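I have placed the structure first, in the form of structure tokens, so that the comments after it can refer back to it.
Numbering of residues begins at 1 and proceeds along the displayed sequence. Atoms within a ligand are numbered from 1 in the order they appear, just like the ligands themselves. Everything numeric in this text was worked out from a predicted model, so none of it was measured. Worth knowing before you read on, the calculation uses all heavy atoms, side chains too, and leaves out hydrogens, waters and symmetry mates.
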Amino acid sequence: MRAEIKVSGIVQGVGFRPFIYRTAVKNRLTGYVRNRGDAGVEIVIEGAENNVKHFINELENNKPPLAQIYNIAAEYFEDRDEFEEFTILKSSEDVEFSGSVIPPDVSICNECLKEMRDSKNRRHDYFFTTCTDCGPRYTTIRTLPYDKSNTTMQEFPMCPKCQKEYTNSLDRRFHAQTIACQQCGPSVYLASNRGETLDSEDPIREAGRLLEKGYIVAVKGNGGFHVACATTRDKPIARLRKVKRRREKPFAIMTRDLATVKTFAEVSPKEAELLTSYIKPIILLNKTENYYLSDLVAPSLHNVGVMLPYTGLHFMLFDTVKEPAFVMTSANAPNEPIVVDNDEAVEKLGSTVDFFLFHNRMIAQRCDDSVVRLHENRDLSIIRRSRGYAPEPIQLKRKADRCVLGLGAEENVTVCILLGDRAFVSQHVGDVENVETLEFLKNTVNHLIRLTNAKIDIVACDSHPKFATTRLAYELGENFGCQVVQVQHHHAHLAALMAEHNLSELVGIVCDGFGYGSDGSAWGGEVLHGFEGGFERLGHLQAQPMVGGDLATVYPLRMVAGILYGLVDVREWLLGYSDRFPHGEEEVEAIMKQLEKGVAFKTSSCGRVLDAVSALLGVCYERTFEGEPAMKLESAAVRGKDVLGLEPKINGNIIDTSFLLNIVFNHRKKYSIADLAYSAEAYLTRSLAELAVSEAERLDVKAIGFSGGVAYNEHITKTIRQRAEENKIKFVVHRLVPPGDAGTSAGQTIVASQAT
Ligand SMILES: [Zn+2]
Ligand SMILES: [Zn+2]
Ligand SMILES: [Zn+2]
């Protein structure tokens with residue numbers, strides 16, 4: 001019997017051909033296997049019928065750990081006796097099917113780590129030790145099929161020993177495209193901040209020692225550069241903050257091992273499992289009582305972003321130092337994508353760092369570290385879905401009949417291609433405000449289309465007329481000769497949540513900083529009814545004035561002034577904080593003038609109200625990074641109690657937030673900041689939940705959900721869940737798609753696929 005089989009899924013770069021080879025040989029079959037240009041795999045086998053059946057069975061059930069099979073298309077024929085043996089053929093460029101993709105980068109596996117640590121092994125101390133089960137994938141591939149010649153490993157021809165492993169079907173590096181060793185593979189070296197190579201016997205450990213001494217080192221990884229420094233003293237971090245012009249934004253840290261993480265952070269079993277998984281994301285962990293790292297790592301926050309080493313190089317950095325952890329932050333200029341090129345690194349980072357730890361392998365695709373959080377120690381909430389996740393698709397329950405490309409909003413942009421029942425979401429692209437990021441966005445679109453072999457039917461984007469992503473969508477629509485569908489921002493959040501849970505109807509609370517509303521005004525504290533093909537706005541937070549427009553986002557005291565105007569003597573109070581404004585009293589007077597005249601620009605944003613409470617309580621007066629006032633408010637509330645116990649005040653489906661600010665203002669001297677922060681969050685949450693529950697009951701909708709950037713807040717999410725469950729209503733949040741704006745690209749594709 002002869003079988004011709006085409007397999008789609010994640011089947012390249014995962015040791016699939018070696019697996020097929022071994023399985024075929026074991027079953028005494030002849031024929032061949034080869035990679036295809038559409039990321040799929042083609043197999044032809046001949047042999048006894050029983051053996052063919054057995055082979056197919058093993059293909060389905062014993063596949064390599066990283067492989068994912070979406071479809072096996074097999075055709076059966078009479079035996080033609082065409083082959084002498086079973087072979088792995090040179091890949092074909094054939095492109096026919098869509099929807100296979102290459103795997104995300106995988107952290108170094110235990111086998112490789114063991115070899116790297118074994119003084120008798122020929123890969124002892126070799127930083128780029130990888131195999132068919134581990135190493136870079138997405139970041140190393142230039143084009144399909146996944147063959148060494150199509151990756152950035154092309155510049156490193158195999159030495160005879162590697163060649164022997166590569167061609168030996170019994171070796172675990174049989175057909176491993178990232179195969180390398182000290183003799184033939186990439187090499188690592190230390191350089192000054194002007195890029196001159198420095199003599200060093202042991203550059204990686206030397207870099208570790210330099211870090212421990214207090215120097216700042218830029219470290220090249222698989223998907224881009226990190227800027228690193230020590231974590232136990234203030235001085236290096238203070239310096240790094242100064243040169244990076246990053247005043248307060250928390251830095252992620254890499255810790256030597258799990259046991260060390262537990263000395264300064266709380267780690268639940270689920271968090272430990274994820275920290276040590278092959279994904280190795282950054283996890284936001286609660287600091288323990290005796291947290292001993294510098295407060296400058298994550299200032300005024302109750303948690304800290306922690307990851308474990310994920311390449312051989314990272315492990316070696318810790319070998320000869322006592323430092324428990326290093327800051328490892330993506331190396332990029334503000335609002336620019338992560339740096340990947342050595343020359344570019346010297347040019348852009350030379351004035352920031354003291355040394356470079358370079359290697360000579362190019363990076364094909366930039367990819368930042370992923371960032372996640374586990375609510376209540378168990379529920380995964382993805383903040384940034386990048387290394388270890390992208391480009392693996394999000395599996396949906398329903399199939400779309402048109403292929404849609406979604407471009408996201410403006411901040412935390414990702415690209416999504418909806419193909420059948422899979423949403424291929426790209427790595428983190430960033431805030432598309434400048435040319436560099438826009439260029440990166442365009443590259444990512446092209447790369448993802450090429451990898452998935454998608455034929456785009458519709459381009460989807462935000463409904464904001466002025467977003468760069470909206471302009472790009474029309475440009476691409478023209479190029480592809482296809483329709484462009486603009487999707488309301490919060491509808492996109494809601495649609496992603498509905499698709500993830502396969503719900504055709506949902507009452508959703510969608511809270512974030514800003515989204516362009518259907519009426520042209522600024523939304524962000526919404527209760528929506530989502531259904532197939534559309535949505536309806538059921539209610540929202542009270543629209544509040546933004547004195548000075550975007551300035552009110554940066555200086556949330558301006559929000560407080562706008563909300564409290566007419567309720568308390570704003571002028572007198574504000575003058576007490578004039579040093580919090582760049583122009584002092586003059587600015588306070590200007591704010592008062594605008595308030596007297598009336599402020600036209602209003603927002604129903606939940607983020608802005610949380611910011612206002614944060615400023616009113618003295619937790620945060622200025623936003624130096626996205627979400628800062630609200631994040632610090634959450635941290636301030638961690639040990640608080642609901643001392644105010646405010647009942648929801650909802651007027652005609654509009655939640656009164658002036659009422660909240662007024663009460664907090666009047667009690668600001670009576671209770672602690674923690675208790676007032678907690679009480680304010682509790683009021684907003686209860687009000688949103690009550691509105692959602694009553695609307696769900698009125699509309700007979702069986703579930704309510706929570707999406708938008710505010711859904712990262714554990715206290716708020718937990719309280720809405722409790723309210724929903726008390727009322728016996730199903731409650732859903734995101735598990736796979738990020739709740740923040742990184743998830744809007746996926747939501748846009750869902751809405752557009754249903755558009756008529
Ligand atoms: Zn390995
Ligand atoms: Zn070699
Ligand atoms: Zn949003």
Lys/Arg cation over aromatic Tyr310: Arg387, 6.0 Å, 45° cone | yes

Cys181 SG to Cys162 SG via the Zn ion (ligand 2), rounded to 10°, gives 110°

Problem - salt_bridge(Arg558, Asp611) N-O dist < 4.0 Å - result: no

_One thing to verify: whether Asp147 and Arg17 come together as a salt bridge, which I'm taking to mean a side-chain N less than 4.0 angstrom from a carboxylate O._
yes

Scanning both residues in full, the closest heavy-atom pair of Asp519 with Ser521 reads OD1-OG, 2.8 Å

Between His734 and Ser707, the two heavy atoms sitting closest are NE2-OG, 2.7 Å

Modelled atom types, side-chain donor and acceptor of Gln748 and Gln486, under 3.5 Å = no

Listed as residue and atom, the protein N/O/S atoms under 2.8 Å from the Zn ion (ligand 1) are Cys109 SG, Cys112 SG, Cys131 SG, Cys134 SG

For Met116 and His124 the tightest heavy-atom approach is O-CD2, 3.3 Å

Residues Leu736 and Glu500: closest non-hydrogen pair is N-OE2, 2.9 Å

Looking only at heavy atoms, the pair that brings Ile563 and Thr657 closest together is CG2-O, 4.2 Å

What lies under 2.8 Å from the Zn ion (ligand 3), restricted to protein N/O/S atoms, is His489 NE2, His493 NE2, Asp512 OD2, Asp741 OD1

**Study point:** Pair Thr444-Ser426, side-chain hydrogen bond (donor to acceptor under 3.5 Å, both in side chains): steps then yes or no
**Key:** CA-CA 7 Å; Thr444 307; Ser426 75; 5.6 Å; no

